[in-house]
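Values reported hereafter were calculated over all heavy atoms of this structure, with side chains retained and with hydrogens, waters and symmetry mates removed. Naming: A, B, ... by sequence-line order, numbering from 1 per chain.
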Number of protein chains: 2
Amino acid sequence: MVVDTRADENIDRIFRALADSTRRDIVRRTLASTFSVSELAREYDMSFAAVQKHVAVLEAADLVQKIPNGRERIIKGNPATIRKAQELLAQFEHLWRDRIDRLDAFLAE
Amino acid sequence: MVVDTRADENIDRIFRALADSTRRDIVRRTLASTFSVSELAREYDMSFAAVQKHVAVLEAADLVQKIPNGRERIIKGNPATIRKAQELLAQFEHLWRDRIDRLDAFLAE
DNA sequence: AGTATCTACAACCATTTGGTTGTAGATTAT
DNA sequence: ATAATCTACAACCAAATGGTTGTAGATACT
């Protein structure tokens with residue numbers, strides 16, 4: 001059956017947000033340094049509004065934080081959310097390892 | 001400017017595929033054990049064709065492999081692709097660590 | 001005060017996504 | 001041989017996505 005929980009929706013948002021190279025690039029840059037929205041927008045071959053939307057998607061996924069500073073908004077990458085995604089994938093890998101271990105145990109009999 | 005390369009499109013597909021709880025569940029199951037498409041379909045409250053499509057998305061992302069076995073197709077989760085995604089996220093985290101290290105070095109002066 | 005810059009947000013459009021039903025081909029079971 | 005099961009795939013639909021332009025509010029600069 002498998003019903004979507006609140007937590008699942010958050011995970012959906014994180015991976016969905018990461019499934020776009022422009023957004024991944026924004027995450028990279030804002031983890032390594034800080035950028036205002038306009039500074040980011042100058043880096044890409046698309047409208048300011050488009051970049052603004054990408055930032056909004058990242059913010060909704062908590063991959064990025066928007067900090068008001070005068071008329072600017074400073075965008076900061078959020079390593080905690082990256083780590084969360086990483087840990088989920090690590091769990092997946094673990095499932096596989098467990099299966100292999102069980103197989104090995106079986107063959108060892 | 002940032003142009004989408006072939007490699008970027010592959011990454012897009014991986015994260016896009018993971019951005020759906022049904023698909024994540026399929027990955028989990030097929031990493032831990034093996035399932036035919038029908039066996040998988042029975043687990044979810046949607047049509048067989050819908051599950052078939054989810055499997056196709058996972059296969060296109062190389063998160064899953066489809067192995068013919070008589071009239072069945074056995075679906076196997078692919079840990080290598082999970083690991084690839086994990087490593088990319090680890091690189092992201094590294095960018096952040098580098099920034100913090102530079103900041104520390106600056107403050108230490 | 002007036003102008004330029006930065007951001008927010010609405011309205012619109014084409015494409016993609018996630019589901020459906022229906023049809024047909026292969027393989028297995030009776 | 002016939003029937004049942006498993007898979008593939010097309011056609012369709014509503015909603016979401018990724019882009020655009022345009023308008024307007026705040027803040028900063030001269």
Side-chain angles (χ1 to χ4, degrees), chain A residues 1-5 8-27 29-30 33-61 63-76, chain B residues 1-5 8-27 29-30 33-61 63-76:
Chain A
M1 220 54 72
V2 182
V3 183
D4 242 59
T5 71
D8 279 334
E9 284 169 25
N10 288 338
I11 306 284
D12 286 3
R13 258 180 240 119
I14 295 170
F15 286 121
R16 186 83 201 67
L18 290 170
D20 178 289
S21 71
T22 300
R23 285 196 293 258
R24 284 195 300 278
D25 197 68
I26 292 175
V27 171
R29 288 181 193 268
T30 59
S33 175
T34 53
F35 286 82
S36 71
V37 183
S38 328
E39 279 167 346
L40 281 175
R42 270 177 228 120
E43 302 287 339
Y44 308 100
D45 188 21
M46 65 183 74
S47 70
F48 173 81
V51 174
Q52 218 176 5
K53 278 195 185 181
H54 281 308
V55 171
V57 169
L58 291 168
E59 195 188 13
L63 277 162
V64 126
Q65 224 180 328
K66 208 187 288 185
I67 295 158
N69 183 342
R71 67 182 160 183
E72 297 188 329
R73 300 291 178 271
I74 301 303
I75 311 301
K76 278 186 49 182
Chain B
M1 221 55 73
V2 181
V3 183
D4 243 60
T5 72
D8 279 334
E9 286 169 25
N10 288 338
I11 306 285
D12 286 4
R13 259 181 238 118
I14 295 171
F15 286 122
R16 187 83 200 66
L18 290 171
D20 178 287
S21 72
T22 300
R23 286 196 293 258
R24 284 195 302 277
D25 197 68
I26 292 176
V27 171
R29 288 180 193 269
T30 59
S33 174
T34 54
F35 286 81
S36 71
V37 183
S38 327
E39 281 168 345
L40 281 175
R42 271 177 227 120
E43 302 286 340
Y44 307 101
D45 188 22
M46 65 184 75
S47 70
F48 174 80
V51 174
Q52 218 177 5
K53 277 195 186 182
H54 282 308
V55 171
V57 169
L58 290 168
E59 195 189 13
L63 278 162
V64 126
Q65 225 179 328
K66 209 187 288 185
I67 295 158
N69 182 343
R71 67 182 160 182
E72 297 189 328
R73 300 291 178 270
I74 302 302
I75 311 301
K76 279 185 51 181

Distance check needed: [N] [atom2] versus [X] [atom1], whole Å only.
{"X": "B:D20", "N": "D:dA16", "atom1": "CG", "atom2": "P", "result": "14 Å"}
{"X": "B:M46", "N": "C:dT20", "atom1": "CE", "atom2": "P", "result": "7 Å"}
{"X": "B:D12", "N": "C:dT16", "atom1": "CG", "atom2": "P", "result": "13 Å"}
{"X": "A:R23", "N": "D:dT17", "atom1": "CZ", "atom2": "P", "result": "9 Å"}
{"X": "B:R16", "N": "D:dA16", "atom1": "CZ", "atom2": "C1'", "result": "9 Å"}
{"X": "B:E59", "N": "D:dC9", "atom1": "CD", "atom2": "C1'", "result": "14 Å"}
{"X": "A:R73", "N": "C:dC6", "atom1": "CZ", "atom2": "C1'", "result": "8 Å"}
{"X": "A:I26", "N": "D:dG18", "atom1": "CD1", "atom2": "P", "result": "12 Å"}

Shortest side-chain distance from B:R71, nucleotide among D:dG22, D:dG18, C:dT28: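 My answer, after comparing the listed nucleotides, is C:dT28.
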
From C:dG18, D:dT7, D:dG19, nucleotide with atom closest to A:K53 side chain: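 So the nucleotide nearest the side chain must be D:dG19.
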
From B:I75, B:L58, B:T22, residue fulfilling side chain to side chain contact (heavy atoms under 4.5 Å, CB included) relative to B:V27: B:L58

[X] side-chain N/O to [N] phosphate OP1/OP2 under 4.0 Å:
{"X": "B:Q52", "N": "D:dA8", "answer": "yes"}
{"X": "A:K66", "N": "C:dA8", "answer": "yes"}
{"X": "B:R42", "N": "D:dT5", "answer": "no"}
{"X": "B:S36", "N": "D:dC6", "answer": "no"}

Main-chain N/O of B:D8 paired to A:R24 side chain as donor or acceptor, under 3.5 Å: yes

Along DNA chain D (nearest heavy atom to each residue), the more 5'-positioned of A:E72 and B:A49: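 It is B:A49, whose closest nucleotide lies nearer the 5' terminus.
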
Which residues share a side-chain hydrogen bond (donor to acceptor under 3.5 Å, both in side chains) with B:R13, sequence neighbours left out: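 B:N10.
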
Smallest separation among heavy atoms of B:R16 and A:A19, with atom names: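 Here B:R16 and A:A19 meet closest at N-CB, 3.3 Å.
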
Contact nearer the 5' end of DNA chain C, comparing B:H54 with A:E39: A:E39

Sequence-distant partners of B:S47, side-chain contact (heavy atoms from CB on, under 4.5 Å), two or more places apart: B:A49, B:A50

